[in-house]
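Okay, structure first, notes after.
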Amino acid sequence: MNERYDFSGIEAKWQKYWEVNKLFKTTEEAGRKKYYLLEMFPYPSGKLHMGHVRNYSIGDVASRYLRMNEYNVLHPMGWDSFGLPAENAAIKHNIHPNVWTWDNIAEMRSQLKGLGFSYDWDREVATCHPDYYKWMQWIFIQFFEKGLAYKKKNPVNWCSSCQTVLANEQVVDGTCERCSTPVGKKDLEQWYLKITDYADRLLADLDKLIGWPNKVKLMQKNWIGKSTGAEVDFMIEGSDKTMKIFTTRPDTLFGVTYMVLAPEHPFVKELTEGSEFEAPVNEFLDRLQYLSDIDRTATALEKDGTFIGRYAVNPLNGKKVPIYIANYVLMEYGTGAIMAVPAHDQRDFDFAVKYNLDIIPVVDSENPDIDVNNLKEAFEAEGIMINSGMFDGMDNVAAQEKIIAYLEEKKIGKEAVNFRLRDWLISRQRYWGTPIPMIYCEECGWVPEKIGNLPVLLPTDVVFSGKGESPLTTSKTFKETTCPKCGKKATRETDTMDTFLDSSWYFLRYTDAKNSREIWDKKNAEYWMPVDQYIGGVEHAILHLLYARFFTKFLYDIGYCPADEPFTNLLTQGMVLKDGTKMSKSKGNVVSPEEIINKYGADTARLFILFASPPDKELEWSDAGVEGSYRFLNRVHRLIFELAEKIKDAPSGYKPDSVDDKKMAYVMNASIKKVTADVGDRFNFNTAISSIMELVNEIYRYKETEDPNTGLLKAAVENLILILSPFTPHICEEMWEHIGNKGTVYHEKWPVYDETALIKDSIEIVIQLNGKVREKIEVANGLNKEQLEEVVMENEKVKSLLEGKEILKVISVPNKLFNVVIR
RNA sequence: GCGGUCGUGGCGGAAUAGGCAGACGCGCACGGUUGAGGGCCGUGUCCGCGAGGGUAUGGGUUCAAGUCCCUUCGACCGCACCA
């Protein structure tokens, strides 16, 4: 150790030591308490950004802390390495996606190592590696064989810029989540995963996830969007068709004054063909088609529709009501058709007002200010049934059940549940993804590739046009094959999988990353799963986390995963901001980790990023703050360098005698306690670090006192290095060695604090009058209520404050405060 | 529009179970060390001369409120015609 803090020398030295000694290698050890700590793996875009540094610094502190607490910690890292940027780079720079991706991985891996993160690199995975996507294909085939993967033709979201379809989840405000291009519709035959079969479980099991932020659970809940109600059949006059609708308000059935079909509903054409209404309906449909998805879903969009010339019959009261098509009814939700009750639904109300349709109230408000016969807006609250025949007078909530029972009895409807969640469209017309391992045979239909033939390798003889169709179709060797079932000529699926599939199970592969015989040894999954702590950005609250839960449940069902939820605890870290906004190239406010590491070292970068803000909140980047962290490490370094000689021959025990000794011992033990709680229980690294700073300040003070106890000084120095080591491991290794230790601080046990040192002889008591602080006094520790009252009342200042006042009440809180209520 | 989170010094933030508001750090000021600068060390730093006041706003509960309840204002996030 030099007198000067040579961070680059220190960091290179210890990173090499860790690597040579395989310090972070983890093996399954039966009987030892395990902890699976996982950070979201990155997309290898080129270089790390500050968000990565934050994510992985949080994880690394937790990992190192847990290891010092003798957990067997699985802390892996890998690459979410399929995806569009590689392909776009290929088109732009004429470099193969494979080359581009692996170059980036090499660069980012070395950056991660340069930050000193304690990963077990022997378990590294990359989703673009055939050893990985082989098992991705295997999982897909399991889905197919269980009937959960299917192909259907449907109008799908199409991004004209990315030239591919998008899942519903990837459409944000009507635009592509990646490039913000307005998303259009295209009728295509695509592969889907039947996530809707798991909707109920995905919803119900959210309750089990007590270690997840409520915000994330709520977002998932809303996304799944379960609503309960009824399906009701309405006869269409002069047709053999029945119009099936879904409603959450069966109690309002008597208030139906018109019906609406979604414009895309298949009935529309049939019911209008050849009639005088065909022309106006087609005109309306043309007008709608013209609108983009954004316009169509905009809030401000006015209700618009047209009568189609047909009538439906209300099965409860036989009433004839007109059928409309309207822009506010969606084909994708429910049955694509609704009953309209303008009196009790605001959308229907708006539409009825515009087209001068009847408004019939069937629920009366108990609030006298609301006249349901003269509504200014829909009355959507609860009330008493009216105009509803045999149901009149009932409470409308109770009436829902009764009406459903009646519908079921008459076989005109039934109780029904609807989800907002749709099946997951997983086909992508792109190259850089896992080939879908399916083969189409004229005789046998869609047949999965034989397991023994996996992986279906990505061909390399392809053309990257970036246009419309999967590049795989341009391969001369890929498409033509034979049917695995009947042996006849057949063709391969040329689409690839959405990369979100790859990331839906990587955490399981880490448990046995190099297994070439099977996806993983079930014993390993049994040992490590579930992930105890998952850490990543909140931007994955819906997509990735929902898909990962879905995969885990499926793999659980087929016996490959011991847990039916993947992540016990979830920490969603906040964004890294600069000047109040997200760092981005276009804003020119990016601070690169590389430049910070070169200037101050990895330890300073880690320390600052953990100190500046609690992990789950946003972090405002501050160059001055980085300087401060660097200054602190220098201060620690100087302290240890100075004291090393002094404590060399110090005794290993100590007995605090003087007031200074006791204070030193107190701060030392309080810091250990605080850091243990903040890191171990709360993930509040910022306050842990401030407590370590207080310890450093106290050691600085104590060493200058008259006769510092060298044994105590030694203990303080050792404990300081130990509790600081998860945050800034390199400098701590160096200091640990410098004060005469062999080996690595990483193998040391986390220090325990001495509770007795935290008991002070005397305590400062706050004295309040009517809740306002008026005086503070020192009293002996441990006085009970009565003793405390006695001491306080003897106090001269208190006596004078109370003079001439009437004491109404006293509140005595031992070791804390004393409040006198006076008049 | 609906749902949620959150408003604390000049700044990042602390106050973990209702009990001393502003820990720790940044910045700033002054002093020391130094040939100077930087670095380092020390002192001070919510407002007010003071009594006192103070956690966006106004109210409530309580002996006691940053913390619990309600009002208003503001910021941010998610969803957005889901029948």
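The figures that follow rest on heavy atoms only: side chains count, while hydrogens, waters and symmetry mates do not. Each chain gets a letter, A, B and so on, in the order the sequences are listed, and its residues count up from 1.
- Annotation for Y333(A) and S227(A): closest pair OH-OG, 2.8 Å, computed over non-hydrogen atoms.
- Residue G628(A) is in sugar-phosphate contact alone, with no base atom involved, counting any heavy-atom pair closer than 4.0 Å across all strands shown.
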*So what does the secondary structure string of RNA chain B come out as, 5' to 3', with Watson-Crick or wobble pairs under 3.5 angstrom, [ ] for crossing and | for pairs with another strand?*
(((((((..(((......[....)))(((((((.....)))))))((....))..(.(((..]....))).))))))))....
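- No contact: S622(A) has no heavy atom under 4.0 Å from any strand.
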Please list, pair by pair, any protein nitrogen or oxygen found under 3.5 Å from a nitrogen or oxygen in nucleotides 9-14 of chain B.
| unit_1 | atom_1 | unit_2 | atom_2 | d |
| --- | --- | --- | --- | --- |
| G12(B) | O2' | A612(A) | O | 2.6 |
| G13(B) | O3' | N686(A) | ND2 | 3.4 |
| A14(B) | OP1 | N686(A) | ND2 | 3.1 |

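- RNA chain B lies under 4.0 Å from at least one heavy atom of each of the following residues of residues 763-772 of chain A: E764(A), V766(A), Q768(A), G771(A).
- For A688(A) against D678(A), the heavy-atom pair with the smallest separation is N-OD2, 3.2 Å.
- Residue L218(A) is in sugar-phosphate contact alone, with no base atom involved, counting any heavy-atom pair closer than 4.0 Å across all strands shown.
- Residue-level contact check: R422(A) touches the bases, meaning some heavy atom is under 4.0 Å from a base atom.
- Proximity of N697(A) to the phosphate of G25(B): a side-chain N or O atom is located under 4.0 Å from OP1 or OP2.
- When all heavy atoms of P814(A) and L788(A) are compared, the closest pair comes out as CA-CD2, 4.2 Å.
- Contact annotation: R420(A) reaches the phosphate of A80(B) (side-chain N/O to OP1 or OP2, under 4.0 Å).
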Between the protein and nucleotides 27-29 of chain B, which nitrogen or oxygen pairs are less than 3.5 angstrom apart?
| unit_1 | atom_1 | unit_2 | atom_2 | d |
| --- | --- | --- | --- | --- |
| G27(B) | OP2 | R631(A) | NH2 | 3.0 |

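- Within 4.0 Å of S227(A), counting heavy atoms only, lie sugar-phosphate atoms of the nucleic acid but no base atom.
- The base of C20(B) is paired with the side chain of K776(A) by a donor and an acceptor separated by under 3.5 Å.
- Within 90° of 0 lies the glycosidic angle of G9(B), which makes this nucleotide syn.
- A sub-4.0 Å separation between OP1 or OP2 of C41(B) and a side-chain N or O of R638(A) is present.
- Counting only heavy atoms from C-beta on, R774(A) has its side chain closest to G52(B) among G78(B), G52(B), C81(B).
- Taking only side-chain nitrogens and oxygens, R635(A) never comes nearer than 4.0 Å to OP1 or OP2 of G39(B).
- Between A262(A) and I325(A), the closest heavy-atom pair is O-CG2, 4.4 Å.
- Residue W424(A) comes nearest to I195(A) through the heavy atom pair N-CG2, 3.9 Å, listed as atom of the first residue, atom of the second, then distance.
- Side-chain N/O atoms of K809(A) include one lying less than 4.0 angstrom from OP1 or OP2 on C63(B).
- A salt bridge is absent between R249(A) and E380(A); no separation between the charged side-chain nitrogens and carboxylate oxygens falls under 4.0 Å.
- K816(A) meets the salt bridge (Lys or Arg N to Asp or Glu O under 4.0 Å) test with no other residue; sequence neighbours excluded.
- Within 3.5 Å, a donor on the side chain of K303(A) pairs with an acceptor on the base of C81(B), or the reverse.
- Using a distance-only test at 3.5 Å, with no hydrogens or angles considered, no donor-acceptor pair links the side chain of R420(A) to the main chain of I224(A).
- Partners of Y700(A) under the ring pair (Phe, Tyr, Trp, His ring centres under 6.0 Å) rule, at least two apart in sequence or in another chain, do not exist in this structure.
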